[in-house]
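Beneath this line is the structure, given in structure tokens, with notes to follow.
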Amino acid sequence: MINVSVVGATGAVGKELLLLLEKSTLRINKLQLFASEKSVGKYIYFKQKPVRITSLCSTSFEKDDIVFFCSSSKVSTEFVPIALRKKALVIDLSSAFRQKENIPLIVPEVNWKNALGQKLIASPNCIATIISLPLSLLHQKYTIKRVIASTYQASSGGGNKLLSRLLEDTRAHLEEKIQEDSIAFNAYLHNSAHDADGYSEEEKKIIFEVKKILDAPAIQISVTSVRVPVLRAHSIALNIELEKSFSLAQIQKDLKCISGLKERSNLTQAEFATSQTASQKNDVFYSRLRKDTSKDNCLEMWVVGDQLLKGAALNAVQIAEKKIEKKDY
Ligand SMILES: NC(=O)c1ccc[n+]([C@@H]2O[C@H](COP(=O)([O-])OP(=O)(O)OC[C@H]3O[C@@H](n4cnc5c(N)ncnc54)[C@H](OP(=O)(O)O)[C@@H]3O)[C@@H](O)[C@H]2O)c1
């Protein structure tokens, strides 16, 4: 039996994480839930029992075996060191530690060996996690030269706040209260800060993190991140240039080996994966595998995954389950 804490238990990711923990193989003895001051004193039901939300302090995480951080990077930066001092295994879903050289950035299906013996594990950016499933295999077998990723990201990727805003703006739009900055029925560039080179923080995170997960610094990657008025599940159009020639039939066969990645296509009936297909599903789906007719050795594919699940909470729970199973915590 293990003791577990979840920081950010009321958030878009935290709520999914708790649902997954209820069904997980982890045998939880004590569960502690943390959130901001505004949620302190509220209760969340876990396995039909109410658990009171409390606030973080220097004495939190006493006797914890695992702490999941699903809050801001600021909260992780301050409180992860405290959890580590208390000897807990920490799985951090924020971006606070992802770019640190000695901290593993883990997608279990891709680079599990890097998690062995580690007490702090970073779970990657949602797009990076989702696309690293097909990219890792393609890189192993055909050596990727370049990837161009165009993302279509759901509002829940921006947490509870952006999700509520999409619903409010949609309601306002339908009532003909048109606002200039409405995100309803609107595609817009990812709302993270933009650097002098024109790339957004989100795009830079994806580029850095995919290279780190694949341990492939030489791959050239360019990303354009766009938010679309979708509640959950991110979609990504990938154009992948490979060094070796390939056949689509062989790639289809290769991709079948990746657990958690499923093909969803029927080109004759124009059936392919959508945000609805992937919403609330653990699997990541791909469709529209085709050769880019404008360039040799280039592959096009469409990938969709629920970013709250495989892109965040599920990835974190899978890491925890594997660490506990191997008694590596
Ligand atoms: N959303 C995604 O698809 C996604 C995917 C991958 C990774 N992530 C990462 O996961 C993290 C959580 O994202 P989210 O989308 O779940 O955000 P969110 O919906 O905004 O939730 C944030 C959570 O942090 C809590 N919190 C805020 N200040 C706190 C404090 N001082 N102490 C303790 N808890 C505090 C909030 O509590 P209150 O409810 O009380 O404010 C809430 O539970 C972020 O770092 C994000 O980058 C998100």
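We count ligands from 1, going down the list as the structure has it; atoms in each ligand are counted the same way. Atom set for the values below is all heavy atoms of this structure, side chains included, hydrogens, waters and symmetry mates excluded.
Within a 6.0 Å sphere centred on CZ of Arg165, other residues, nucleotides and ligands contribute more than 12 heavy atoms.
Listed by first then second residue, pairs satisfying ring-ring contact (aromatic ring centres under 6.0 Å, His included) with a partner in residues 284-316 read Tyr152-Trp302, not counting sequence neighbours.
Side chains of Ser265 and Glu263: a donor-acceptor N/O pair is present below 3.5 angstrom, by distance only. Between Gln99 and Lys205, the side chains place no donor N or O within less than 3.5 Å of an acceptor N or O (distance only, hydrogens not considered).
If you look at ligand 1, the protein residues with a non-hydrogen atom under 4.0 Å away are Gly8, Ala9, Thr10, Gly11, Ala12, Val13, Ala35, Ser36, Lys38, Ser39, Leu56, Cys70, Ser71, Val75, Leu93, Ser94, Arg98, Cys126, Ser156, Gly157, Gly159, Asn160, Gln307, Leu308, Gly311, Ala312.
Residues forming a salt bridge (Lys or Arg N to Asp or Glu O under 4.0 Å) with Asp92 (at least two apart in sequence, or on another chain): none. Contacts of Asp296 classified as salt bridge (Lys or Arg N to Asp or Glu O under 4.0 Å), with partners at least two apart in sequence or in another chain: none.
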